[in-house]
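Below is one structure, written out as structure tokens, with a few remarks after it.
Everything numeric here is computed off the predicted structure, so don't read it as measured data. A note on names: the letters A, B, ... follow the listed sequences, proteins ahead of strands, and every chain is numbered from 1. Quick note: numbers below take in every heavy atom, side chains included, and nothing from hydrogens, waters or symmetry partners.
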2 protein chains.
Amino acid sequence: MGIVKPAYPCMLTLAMDLVGGKWKMVILWQLRNGIFRFSELKRVLIGITQKMLTQQLRELEDAGIIIRTVYPVVPPKVEYSLAEEGKKLIPALDALCQWSTNYAASYGIAQSTCCSAQQEERSLTGV
Amino acid sequence: MGIVKPAYPCMLTLAMDLVGGKWKMVILWQLRNGIFRFSELKRVLIGITQKMLTQQLRELEDAGIIIRTVYPVVPPKVEYSLAEEGKKLIPALDALCQWSTNYAASYGIAQSTCCSAQQEERSLTGV
DNA sequence: CTCCATAGTTTCTTTTTTGTAACTATATAT
DNA sequence: ATATATAGTTACAAAAAAGAAACTATGGAG
């Protein structure tokens with residue numbers, strides 16, 4: 001993943017190359033709530049390692065799906081947000097999320113919170 | 001993949017467990033066109049190996065996403081089609097597909113055919 | 001009696017992805 | 001002089017996914 005090939009037989013395979021894997025969609029799903037710093041993402045994406053987070057963020061940035069803004073301060077401050085391509089993807093992720101939520105309900109699979117369209121706001125309201 | 005866990009922090013990770021990986025979505029995308037035999041799927045999913053195809057089909061069946069119908073004849077005849085959960089997923093895949101098609105257009109990535117909602121029909125029209 | 005077609009298995013290998021842990025840089029505060 | 005916070009890197013190891021190739025079963029055709 002992260003490496004976009006020159007051609008695809010099915011556009012779904014391109015989608016998987018761009019946002020497949022264990023973390024990318026979850027990152028984007030979080031970013032739909034607004035702007036987040038690296039450390040905030042790390043805190044909220046439970047279980048992700050520093051290496052994975054940087055790696056996935058970098059690939060998403062390279063693909064033009066998210067925007068990375070570096071502030072030249074010390075200690076470092078870097079903010080992440082959805083680029084246009086990323087925003088356009090949210091409805092698809094939403095559909096996927098609703099499908100699996102419904103699936104989980106049918107099959108008695110537990111979920112904790114998240115996914116239900118709003119998290120704890122912030123960033124949106126500008127805290 | 002293929003192994004559904006008892007709980008998920010984000011439903012998108014459940015979706016990835018259910019239909020992530022290199023082939024599952026592509027298989028489902030094909031099956032949206034109707035009923036296919038094993039050998040037909042193998043022919044149309046260019047590059048997939050026999051092992052991969054059976055494995056992915058079996059996992060999708062176990063998840064209740066597709067239906068596998070075995071005809072007790074020789075040589076064997078097995079047909080695959082979307083189960084209800086699979087049909088419900090198609091709109092999400094469609095959204096994903098449109099997103100990546102649009103993305104590919106913006107970034108000059110080539111596609112061959114597929115994805116554009118109809119393939120060559122058949123099975124639907126009942127050939 | 002041998003071959004064919006279909007839908008698989010099985011074993012082994014390679015590749016990809018993910019994870020762990022330690023290390024870096026630097027302005028500011030103490 | 002030393003510790004602190006943030007956003008990383010790097011080298012290595014483990015695990016998971018994918019692929020290759022050969023093998024299986026069986027009724028009917030020739």
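Atom-to-atom, NZ of B/K77 to P of C/dT6 comes out at 12 Å; the value is rounded to the nearest Å. One can place CD1 of A/I48 at 8 Å from P of C/dG19, the figure rounded to the nearest angstrom. For the pair B/L41 CG and C/dA7 P, the interatomic distance rounds to 10 Å; values are reported in whole Å. Remark: C1' of C/dT18 and NZ of A/K24 are 12 Å apart, rounded to the nearest angstrom. The CG atom of A/L45 sits 14 Å away from the P atom of D/dA7 (whole-angstrom rounding). One can place CD of A/Q56 at 12 Å from C1' of C/dG19, the figure rounded to the nearest angstrom. Rounding to whole angstrom units, CG of residue B/D17 and C1' of D/dA17 are separated by 13 Å. Spacing between atom CE of A/M52 and atom C1' of D/dT10 amounts to 14 Å, rounded to whole angstrom units.
In terms of phosphate contacts, A/R37 brings a side-chain nitrogen or oxygen within less than 4.0 Å of OP1 or OP2 of D/dA7. One finds a side-chain N or O of B/K22 lying less than 4.0 angstrom from the OP1 or OP2 phosphate oxygen of D/dG19.
In this structure, A/W23 and A/P75 both approach DNA chain C, and ranking their closest nucleotides by distance from the 5' end singles out A/W23.
The shortest side-chain heavy-atom distance between A/V4 and A/D17 does not fall under the 4.5 Å cut-off. Between A/M25 and A/L96 there is a side-chain heavy-atom pair separated by less than 4.5 Å. Looking at heavy atoms from C-beta onward, B/R58 lies out of side-chain contact with B/Q55 at the 4.5 angstrom threshold.
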For A/L60 and A/K24, what are the C-alpha separation, side-chain angles and deciding distance, and is it a side-chain contact (heavy atoms from CB on, under 4.5 Å)? CA-CA 8 Å; A/L60 289 169; A/K24 292 213 178 95; 3.5 Å; yes
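Put simply, A/Y107 and B/I67 are part of two different groups of oily side chains (I, L, V, M, F, W, Y) that touch within less than 4.5 Å, one to the next.
Between the OH atom in A/Y71 and the CZ atom in A/R37 there is a gap of 9.5 Å [rounded to 0.5 Å].
A/T49 comes within 4.0 angstrom of a base, heavy atoms only. Among the atoms of the strands shown, none is found under 4.0 Å from any heavy atom of A/Y71.
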Polar-atom pairs under 3.5 Å, protein N or O versus N or O of nucleotides 9-14 of chain C: list them with distances, or write none.
{"from": "C/dT9", "atom 1": "OP1", "to": "B/R58", "atom 2": "NH1", "distance (Å)": "3.1"}

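Classified by interplanar angle (parallel below 30°, tilted 30° to 60°, perpendicular above 60°), the ring pair A/Y103/A/W99 is tilted.
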